[in-house]
2 protein chains.
Amino acid sequence: MVRHETVPSLAEVAPSLARRARRRTETVDEILRIAVDVMREEGAAALSLSEVARRIGVRPPSLYKYFPSRAAVYDALFRRGAEQVLDRFRTAAAAAEPGVEALAAGVEAFGRWGAENGALAQLLFWRPVPGFVPSAEAYGPAVDLVSDIEKQLASAVERGQLRAEAATDEGQAVLSVLIGGAFSQHAANEPDVAYDEGRFTRLVPVLLDIFVRTYAPEGDRP
Amino acid sequence: MVRHETVPSLAEVAPSLARRARRRTETVDEILRIAVDVMREEGAAALSLSEVARRIGVRPPSLYKYFPSRAAVYDALFRRGAEQVLDRFRTAAAAAEPGVEALAAGVEAFGRWGAENGALAQLLFWRPVPGFVPSAEAYGPAVDLVSDIEKQLASAVERGQLRAEAATDEGQAVLSVLIGGAFSQHAANEPDVAYDEGRFTRLVPVLLDIFVRTYAPEGDRP
DNA sequence: GTCTATAGCCTGATAGAC
DNA sequence: GTCTATCAGGCTATAGAC
């Protein structure tokens, strides 16, 4: 005998599941948002789940329904940061003329995100948290970003805007030193200064110009 | 009445004081040496005085006879690191032809020290320890280093090897981005790779070359 | 999914005997 | 200058009631 009157219909259960899933996502979002606040105020390595719980207004054990460990929170933060910067890079690059202009626009957006999200950026560019190593899954968007930059470099070479050398491992490493260096100096020396006012962040266009001149095709130099 | 037979002579007391001072210095040195080991193994932010005491073979309270707090240990480490890198820079620069060659030699030594002393270098270049800000006194040698680099830049300009722009704030900032960027990428991505094998540290001569070309006097570019 | 309660760790730092 | 003893607090994580 089927007790169909006690079994909720799909129409009844589906919205409830969706609501629950949405509510859960919102809570996860809130945890991560507060975690970023704590990291910014106390330092990336000083993230404490108890402090996050305190600010949200729940007890620490409740957070374990959403994340199995403190490392899992760091992992989600890493992934989220990498997704954000990838998104910014792609949006900016897509809005510009393909080639060096797209590259410059993407790198500029990249640097701006880093300066404005120092706590998250430290997690991506430095290794400030003893014992934490991002999972391969969290690394995904970061890998995509590197691959996007490679593509933009290759595109600039194809268009004759840069020498072939720019798209080699050396060119990529030089570019990452320039971007990572500007961010690092900014984050270490003047973390609270706005991007447009920073002594180092303001150099990003200059550094890009240096990169482009260095790898300019023969005969193109002034 | 002077009880001179109970008062030790200067000849008796002075060597004892000297011995005591030397012994004290040795203990301080050992504490700092072990602290660097712990930082390298556990991360710069994970330095624990208990762990240092454990490795030395004493109880934690004993360390407080040498340092008033954990922050004081970090401060001494910062100062010591800055002194070391200043010394390396000066020695290398002094052994080379004044001007861009001395600059290149100094920067090379600088980068090599950073790669070989990652834990200490992180303390100098990043802000990995929540709540720790170096004292003005610990900053001293770091300020001297910046001033030395400025002098070398000015010297290269005087000799006509670089444009005047190289010795401005922009030139200094660009140079520090290049050095700091190479170190940061190395420390974050391949901290255990030797300087000469590192993907980023190996770029230091290339980056210096880029700097020199960028600020080469008019008409000197190829 | 929230809570209470708690285990089981760790830490920095101090007081005072020897 | 070393030790024992201890304070006072933090933390992550788990068990189990509701």
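The structure presented is a predicted model; accordingly, all values stated were derived computationally and were not measured. In what follows, chains carry the letters A, B, and so on, assigned in the order in which the sequence lines appear, proteins first and then strands, with residues in each chain numbered from 1.
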(message) Using five pairs at each end of the helix from dG1(C)-dC18(D) to dC18(C)-dG1(D) to define an axis, what is the angle between those two axes, to 10°?
(response)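 Roughly 0° between the end axes, to the nearest 10°.
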
Separation of [N] [atom2] from [X] [atom1] (nearest whole Å):
X: Arg22(B); N: dG1(D); atom1: CZ; atom2: P; result: 13 Å
X: Phe132(A); N: dT12(D); atom1: CZ; atom2: C1'; result: 17 Å
X: Phe67(A); N: dG1(C); atom1: CZ; atom2: P; result: 13 Å
X: Ile56(A); N: dG1(C); atom1: CD1; atom2: C1'; result: 14 Å

(message) Quick check for you: among dT2(D), dT2(C), dG1(C), whose closest atom lies nearest to any side-chain atom of Ser62(B)?
(response)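 My answer, after comparing the listed nucleotides, is dT2(D).
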
(message) Generate the contact string for nucleotides 11-18 of chain C. Rules: B means base contact, S means sugar-phosphate contact only, - means no protein heavy atom under 4.0 Å.
(response) SSBB----

Identify whether the distance between the nearest side-chain nitrogen and carboxylate oxygen of [X] and [Y] falls below 4.0 Å.
X: Glu83(A); Y: Arg80(A); result: no
X: Asp148(B); Y: Arg90(B); result: yes
X: Arg202(A); Y: Asp196(A); result: no

(message) Below 30° counts as parallel, above 60° as perpendicular, anything between as tilted: where do the rings of Trp126(B) and Phe183(B) land?
(response) tilted

(message) Using 30° and 60° as the class boundaries, would you call the ring planes of Tyr139(B) and Phe78(B) parallel, tilted or perpendicular?
(response)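 It falls in the tilted class, 30° to 60°.
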
(request) Check whether any side-chain nitrogen or oxygen of Arg59(A) sits under 4.0 Å from OP1 or OP2 of dT2(C), and answer yes or no. (result)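 No, outside the criterion.
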
(request) Might you confirm whether atom CZ of Arg24(A) has over 12 heavy atoms from other residues, nucleotides or ligands at distances under 6.0 Å? (result) yes

(request) Can you establish whether the number of heavy atoms outside Arg55(B) located under 6.0 Å from its atom CZ is more than 12? (result)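 Atom CZ in Arg55(B) is packed in, count exceeds 12.
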
(request) Mind checking ring-ring contact (aromatic ring centres under 6.0 Å, His included) for Phe200(B) and listing every partner two or more places apart, or none if nothing turns up? (result)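 Result, ring-ring contact (aromatic ring centres under 6.0 Å, His included) vs Phe200(B): none returned.
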
(message) Please confirm whether the ring centroid of Phe125(A) lies under 6.0 Å from the ring centroid of Phe110(A).
(response)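 Yes, the ring centres sit under 6.0 Å apart.
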
(request) Classify the nucleic acid contact of Arg23(A) as base, sugar-phosphate or nothing, counting any heavy atom under 4.0 Å across all strands shown. (result) nothing

(message) Over all strands shown, is Tyr66(B) touching base, sugar-phosphate only, or nothing at heavy-atom distances under 4.0 angstrom?
(response) sugar-phosphate

